Engineer: 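Here you go, one structure.
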Amino acid sequence: MNLITTTLLITTTLSLLLALVSFWLPQMSPDAEKLSPYECGFDPLGSARLPFSLRFFLVAILFLLFDLEIALLLPLPWGNQLFNPTLTFFWAGSLVILLTLGLMYEWFQGGLEWAE
């Protein structure tokens with residue numbers, strides 16, 4: 001057999017084996033909690049009009065903001081191949097400084113505290 005046929009045979013066999021094991025291995029005992037949808041830690045069977053903490057959403061937005069920061073800074077190592085890399089590093093540094101100052105402001109204002 002050639003290399004391509006062997007590779008396809010091994011990957012197909014391994015995929016089928018893993019798919020079959022994943023159906024047989026888990027314990028199948030569904031109950032009401034496992035079958036209910038997960039709603040960010042809130043009780044899905046209770047009233048939809050209960051008040052909730054806005055701090056949860058603040059932390060979620062901060063997470064998304066810093067996740068976006070990582071996505072913006074990811075191509076930075078290739079910035080030294082540009083015509084003017086100092087300008088790229090200046091804007092990246094100013095972004096990091098601005099986000100760090102915003103995080104410090106939220107921290108000092110107590111916006112990241114869960115308990116009041």
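Computed from a predicted structure; not experimentally measured.
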Engineer: Check the hydrophobic clustering (I, L, V, M, F, W, Y; side-chain heavy atoms under 4.5 Å; chains of links allowed) and say if L62 and L95 are grouped together.
Structural biologist: yes
Engineer: Within this structure, what is the CG-OG1 distance for the pair N2 and T7, rounded to the nearest 0.5 Å?
Structural biologist: 8.5 Å
Engineer: Using links of under 4.5 Å between side-chain heavy atoms of ILVMFWY residues, direct or through other members, which residues join I4 in one cluster?
Structural biologist: L8
Engineer: Among T6, T12, T13, find the one that has a side-chain contact (heavy atoms from CB on, under 4.5 Å) with L9.
Structural biologist: T13
Engineer: Please determine whether residues L72 and L98 belong to a single hydrophobic cluster, defined as Ile, Leu, Val, Met, Phe, Trp and Tyr linked transitively by side-chain heavy-atom distances below 4.5 Å.
Structural biologist: no
Engineer: Tell me whether L82 is reachable from F90 by hopping between hydrophobic residues (I, L, V, M, F, W, Y) whose side-chain heavy atoms are closer than 4.5 Å.
Structural biologist: no
Engineer: Within this structure, what is the OG-CD1 distance for the pair S15 and I10, rounded to the nearest 0.5 Å?
Structural biologist: 11.5 Å
Engineer: Can you run down the side chain to side chain donor-acceptor pair (under 3.5 Å) pairs that involve residues 81-93, sequence neighbours left out, and say none if there aren't any?
Structural biologist: N84-T86
Engineer: Does V96 share a hydrophobic cluster with L68, counting links as ILVMFWY side-chain heavy atoms below 4.5 Å and allowing steps through other members?
Structural biologist: yes
Engineer: Step by step, work out the side-chain contact (heavy atoms from CB on, under 4.5 Å) result for L103 and L99.
Structural biologist: CA-CA 6 Å; L103 180 65; L99 287 173; over 6 Å; no
Engineer: Just how far is it from atom CG of L25 to atom CG of L20, taken to the nearest 0.5 Å?
Structural biologist: 12.0 Å
